Amino acid sequence: MTIVTGVTVRVPAKLNLQLAVGPPRADGYHDLVTVFHAVSLFDEITAEPARRDGVSVSGEGADRVPADGDNLALRAVSALRAEVPSAPGVHITIAKRIPVAAGLAGGSGDAAAALVACNELWAGGFGAAQLAEIAARVGSDVAFALLGGTAVGRGRGEQLTPALAPATQYHWVLAFADGHLSTPEVYAALDRQRAREQVPAEPGLDPALMSALRSGDARLVGRALSNDLQPAALSLFPALRKTLAAGLELGALGALVSGSGPTCVFLAASADRALDLAASLSGAGVCRSVARASGPVPGAAIVSGASVTGPR
Ligand code: C5P
């Protein structure tokens, strides 16, 4: 018999290379078409057997992460337990490097990682498709955190199709803001802005971005980045305009607010350019801190699972 004593899973942050948002639906969500892209900024979560379910969080922004049932990783544990009723308690330890409420899907990533870890810990035996279904119930971005790479998301973002693209690595600089934005508030700000305008009923995939990704040409990708939530994020966090402008002035191939923000992301032409851009942005005083990351990278993956083999 094999007893698994603890499983550690690493999960990447996501960017949206395109985020096209439709009008609000009856359930309060918005239909969207998005191009997700997983980058090499990782949270690490460990699941261990425990008498009761619990969570502890350390690292970047840990004090802002709820430690109760509102924690997305614990909600993922509950969603999986609904499928494995005999599963014992589990303690989740989250080591955060992805900032909280930053538009990088850190919380969704932690939920995806918890699903992968508990599936292993409990020998749940769920395959990728089943886990993706459970993930979609936990949050809109959780299924993508399982998949990783570059993928088109539709519906709430949970219906995923991997993007066919060459194995180009893109070099990004992330500018973390001195503040946070709430995703529902940014969507609500977009709805208010759009109440004064005509809204396209069906958001569509940008052919220029898809062709740029197929070409693997970072210059073309940089030009095609777009985010419908950006004007709403800027209205709630005007200082981001300066951050975006500074990155473009310093030679970024493209710049945009990541998801609902407030993190700003910049595409660089090479790893060296990303290093220069990160140093210059850091010195320009237009953000709290900067990080470099490359993408695409795979989704949530087990990095270690201590197992003890005992008698049957
Ligand atoms: O699904 P998730 O919990 O990540 O979504 C957070 C919030 O973002 C939702 O409650 C909703 O207000 C908004 N949202 C939306 N349309 C989407 C995804 C998220 O309006 N497609």
Side-chain angles (χ1 to χ4, degrees), residues 11-38 43 55 61 64-66 68-80 94 96 98-115 131-148 151-161 180-195 199-206 226-233 235-237 257-263 299-300:
V11 66
K14 67 88 188 143
L15 313 180
N16 302 83
L17 307 186
Q18 182 194 358
L19 181 47
V21 182
R25 313 192 307 202
D27 65 1
Y29 282 90
H30 296 70
D31 272 324
L32 42 92
V33 173
T34 187
V35 178
F36 286 116
H37 182 72
D43 277 359
V55 63
R64 291 186 57 88
V65 181
D68 55 16
D70 282 345
N71 186 285
L72 270 185
L74 279 190
R75 278 169 44 193
V77 169
S78 303
L80 189 65
I94 306 177
K96 288 209 68 68
I98 307 172
V100 178
L104 297 166
S108 298
D110 298 341
L115 286 179
L131 282 184
E133 229 171 80
I134 300 167
R137 276 182 247 143
V138 180
S140 306
D141 293 339
V142 183
F144 175 70
L146 292 174
L147 182 67
V152 175
R154 295 176 192 276
R156 286 189 294 128
E158 83 289 8
Q159 298 160 22
L160 297 169
T161 316
H180 309 89
L181 281 173
S182 138
T183 301
E185 282 172 23
V186 175
Y187 274 100
L190 177 71
D191 292 340
R192 285 195 301 275
Q193 286 180 346
R194 283 178 164 181
V199 187
E202 280 290 316
L205 194 57
D206 178 8
S226 70
N227 179 1
D228 283 0
L229 287 180
Q230 183 162 308
S235 75
L236 297 173
F237 206 136
V257 169
S258 180
S260 55
T263 304

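Whatever order the structure lists ligands and atoms in, that order sets their numbers, starting from 1. Because the structure is a prediction, the values reported are computed rather than measured.
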Ignoring hydrogens, what is the shortest heavy-atom contact between [X] and [Y]? Give both atom names and the distance.
X: Phe36; Y: Gly157; answer: CE1-O, 3.2 Å
X: Gln230; Y: Val257; answer: OE1-N, 2.9 Å
X: Ala232; Y: Leu190; answer: CB-N, 3.6 Å
X: Val138; Y: Ala76; answer: CG2-CA, 3.9 Å
X: Gln18; Y: Ala20; answer: NE2-CB, 3.6 Å

Inset, instruction - Give a yes/no verdict on whether any heavy atom in Leu32 is under 4.0 Å from an atom of ligand 1. - result: yes

Legend entry - Gly28 heavy atom under 4.0 Å from ligand 1: yes

Is [X] close to ligand 1, meaning an N/O of one under 3.5 Å from an N/O of the other?
X: His30; result: yes
X: Ser140; result: yes
X: Ser108; result: no

Legend entry - Heavy-atom neighbours of Gln193 CD exceed 12 at 6.0 Å: yes

If you have a sec, work out which protein heavy atom is nearest [atom] and how many Å separate them, to one decimal?
atom: atom 7 (C) of ligand 1; answer: Pro184 CG, 3.9 Å
atom: atom 6 (C) of ligand 1; answer: Thr183 CG2, 4.3 Å
atom: atom 3 (O) of ligand 1; answer: Tyr29 OH, 4.2 Å

Inset, instruction - Would you mind telling me if ligand 1 is within reach of the side chain of Tyr187, the backbone, both or neither, using heavy atoms under 4.0 Å? - result: side chain

Inset, instruction - Check each atom of ligand 1 against the heavy atoms of Gly139 and keep those under 4.0 Å away; list them by number with element. - result: 1 (O)

Inset, instruction - Applying side chain to side chain contact (heavy atoms under 4.5 Å, CB included) between Thr263 and each of Leu104, Ile98, Leu181, report the one that passes. - result: Leu104

